[in-house]
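In what follows, a structure is listed as structure tokens, so that the remarks can point back to it.
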Amino acid sequence: MSTHLQVRGLTAGYRRSTVLHDVSAEVRPGGWLGIIGPNGSGKSTLLKAVAGVLGHRGEVLVDGRRLAGLSSRERARAVGYAPQIPQLPIGLTVTDYVLLGRTPHLGLLGREGRGDLDVVRSLLERLDLVHYADRALATLSGGERQRAVLARALAQQAGILLLDEPTTGLDVGHAQALLDLVDDLRAELGTTVVTTLHDLTLAAQYAERLLLLDEGRVAGAGPPEEVLTAQALSERYSARVAVLRTADGAPVIAPVRG
Ligand code: ADP
Ligand code: MG
């Protein structure tokens, strides 16, 4: 199940403007790459291009095969994607919505089996959504909806998981539970993970390597402690921050009032 992801010379954008310029990155099978960078630096655009929902120049290779050459079913098994701003079928219940994530695994009849329901139920438990299983998405709070979107992407059990700002709208406990769950999948199934995270402390604590984007170009790449220096953050984010450590050495990026 472990999948190797390579992005080579990726250039992408929208009708009027090119947003990403010649971005290259690599994630080892079972690795976790965190994409960081200021607002508008191209983090979501990069994830969309890798997910195959935005045209681009350059190459996205999954285990050495061009993503563009895969069938849609192969692609859905290879790459799961939770967008930052998803289009939600708000009339669906949480269970039915998360079950959509199983689509690439269903047989010819297209009917879900016990195994699919078990996957969904266990994700609802892990993401604290059991109480909402039969509720329509329309009736959920922002954080509950966000967790449902992630549950759907996780239900896909793809080799590569692309999560765009997965902790947005989650309180600190639910954010940690979600990131712990993603990390467990990495350990149990060897899932390869790419997340954009605006919270630099969470990025530093969970991602194995970081890619810092600035105006659509790679401004830094490497282990968190190398990328997240006070100087780089002041230069790229125009921010005053201190890079602290918890008692057991985990990095904490703290804003400092001037
Ligand atoms: P980030 O996720 O790093 O905050 P995005 O990748 O969403 O940044 O956006 C990068 C740039 O592309 C921004 O200037 C944004 O305004 C622009 N952009 C994003 N989505 C679209 C779109 N659908 N059409 C046109 N421009 C877009
Ligand atoms: Mg974004």
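Counting starts at 1 for both ligands and their atoms, in listed order.
For ligand 1, none of its N or O atoms has an N or O atom of Val19 under 3.5 Å away. Checked by distance only, ligand 1 and Gln84 stay at 3.5 Å or farther apart across all their nitrogen or oxygen atoms. The shortest N or O to N or O distance between Ser41 and ligand 1 is below 3.5 Å.
Counting atoms of ligand 1 from 1 in the listed order, those under 4.0 Å from a heavy atom of Gly42 are 1 (P), 3 (O), 6 (O), 8 (O), 10 (C). Atoms of ligand 1 found under 4.0 Å from any heavy atom of Asn39, numbered from 1 in the order shown, are 4 (O).
Between the side chain of Lys43 and the backbone N or O of Thr195 there is no donor-acceptor pair closer than 3.5 Å. Side-chain N or O atoms of Arg236 include none that pairs as donor or acceptor with a backbone N or O of Asp214 at under 3.5 Å. A distance-only check finds no donor-acceptor pair linking the side chain of Arg8 to the backbone of Gly58 [under 3.5 Å].
The Mg ion (ligand 2) has no N, O or S atom of Asn39 closer than 2.8 Å. At a cut-off of 2.8 Å, Thr196 is not counted among the residues with an N, O or S atom near the Mg ion (ligand 2).
Residues Leu212 and Trp32 fall into different hydrophobic clusters, defined by Ile, Leu, Val, Met, Phe, Trp and Tyr side chains chained together at heavy-atom separations under 4.5 Å.
Looking from atom 18 (N) of ligand 1 to the surrounding protein, the closest heavy atom is Tyr14 CE1, 3.3 Å. Among all protein heavy atoms, the one lying closest to atom 5 (P) of ligand 1 is Thr45 OG1, 3.7 Å. Protein heavy atom at the shortest distance from atom 4 (O) of ligand 1 is Gly40 N, 2.8 Å.
The nearest protein heavy atom to atom 7 (O) of ligand 1 is closer than 4.0 Å. For atom 15 (C) of ligand 1, the nearest protein heavy atom lies 4.0 Å or farther away.
Counted by atom type alone, Glu26 and His4 present one or more donor-acceptor pairs between their side chains at under 3.5 Å. Inspection of the Thr93 and Asp134 side chains reveals no N or O donor paired with an N or O acceptor under 3.5 Å. Side-chain contact, Tyr206 with Asp180: a donor N or O sits under 3.5 Å from an acceptor N or O.
Interatomic distance, Thr45 OG1 to Ile35 CD1, rounded to the nearest 0.5 Å: 10.5 Å.
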